[in-house]
Amino acid sequence: GLSDTNQYLSLTLPNQAEIILIRDESAESSACALRVGVGSLADPRSHEGLAHLLEHVMFMGSEKFPGEAEFDRLVSNAGGESNAFTEPESTFFYFSTPSGSFERALEVFAAAFEAPRLDPDAAEREIEAVESEFQKNKASDAWREAQVLAELASCGSTVYKRNFVGGRDTLAKADIAQKMREFFEEHYVAGNIRVAILGANPIDELRAMAIQAFGSLPVKQPPVSSVS
């Protein structure tokens with residue numbers, strides 16, 4: 001609108017990652033949100049909940065920053081916050097910190113998308129967290145309603161007839177680390193990633209941060225979604 005004094009800049013990096021930058025001079029915190037164009041509908045039938053499990057394990061260390069809790073500790077110590085969630089066709093990750101801590105946090109955040117550790121021991125622990133989430137959802141009227149709607153929307157198709165969350169029954173398997181790695185390498189590629197960054201820094205500084213952080217994301221043609 002006419003009262004919007006923010007500055008905006010849209011970038012497509014050479015690796016095809018798309019980024020939008022927002023400069024808000026009044027912002028006391030900076031924030032980043034990242035969308036990967038894949039979600040639970042891409043789970044293999046043999047490992048339902050795989051996209052959700054990968055979301056849980058993504059920030060438990062990277063090749064560049066191997067500490068399992070490094071990102072969470074960095075954000076928490078700065079007084080920031082972070083979260084993630086998986087939807088049928090998208091997975092979202094986001095965080096915010098005071099502006100003085102943002103550049104370092106962004107570096108650690110982006111490193112997970114370049115080369116996460118995806119440690120098998122961490123995956124085993126997170127399967128228990130996913131199982132707990134699945135059991136908790138069973139008591140939710142909204143979740144049960146969504147399951148019924150998914151069944152009704154199927155119209156003879158089996159695409160929505162699945163366990164979107166996952167649990168021990170679908171994920172506690174000997175090849176789970178391999179399946180996570182394969183899913184990451186297929187879908188978590190630069191051309192399948194969209195990023196938004198907001199901060200008070202001059203737009204050229206935000207641009208430099210974005211290029212430094214996300215310019216090395218894996219380059220590969222993302223798969224074409226089979227979901228219409």
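Heavy-atom basis, side chains included; hydrogens, waters and symmetry copies ignored.
With respect to Glu68 and Arg125, a salt bridge is recorded, a charged nitrogen being found less than 4.0 Å from a carboxylate O. By the 4.0 Å N-to-carboxylate-O rule, Lys64 lies close enough to Glu107 to be salt-bridged with it. Between Arg117 and Asp119, at least one side-chain N (NZ, or NE/NH1/NH2) sits under 4.0 Å from a carboxylate O, which counts as a salt bridge. Taking a cutoff of 4.0 Å between a charged side-chain nitrogen and a carboxylate oxygen, Arg23 and Glu25 qualify as a salt bridge.
Using bins of under 30°, 30° to 60° and over 60° for the plane-to-plane angle, the ring pair Phe92/Phe85 lands in the parallel bin. Using cut-offs of 30° and 60° on the angle between ring planes, the pair His56 and His52 is perpendicular.
Counting heavy atoms from C-beta outward, Leu206 and Leu9 have side chains that stay 4.5 Å or more apart. With a 4.5 Å cut-off on side-chain heavy atoms, Asp72 and Ser82 count as touching. For the pair Ile193/Arg35, no side-chain contact is recorded, criterion being any heavy-atom separation below 4.5 Å from C-beta on. For the pair Met209/Phe102, a side-chain contact is recorded, criterion being any heavy-atom separation below 4.5 Å from C-beta on.
Phe95 and Phe71 have their aromatic ring centers within a separation under 6.0 angstrom. In this structure, the ring of Phe109 has its center no less than 6.0 angstrom from the ring center of Phe93.
Interatomic distance, Phe214 CZ to Leu13 CG, rounded to the nearest 0.5 Å: 9.0 Å. Atom CG of Leu11 sits about 9.5 Å away from atom CD1 of Ile20, to the nearest 0.5 Å.
Residues passing the side chain to side chain donor-acceptor pair (under 3.5 Å) test with Thr91, sequence neighbours excluded: none. Scanning for salt bridge (Lys or Arg N to Asp or Glu O under 4.0 Å) contacts around Glu18 gives Arg194, with sequence neighbours left out.
Environment of CD in Glu81: sparse, with no more than 12 heavy atoms of neighbouring residues, nucleotides or ligands closer than 6.0 Å. Counting non-hydrogen atoms of other residues, nucleotides and ligands closer than 6.0 Å to CD of Glu182 gives a total above 12.
Val195 and Ile22 are not part of a single hydrophobic cluster, where members link through side-chain heavy atoms under 4.5 Å apart.
Taking every heavy atom of both residues into account, Val75 and Ser96 meet most closely at CG1-O, 4.0 Å.
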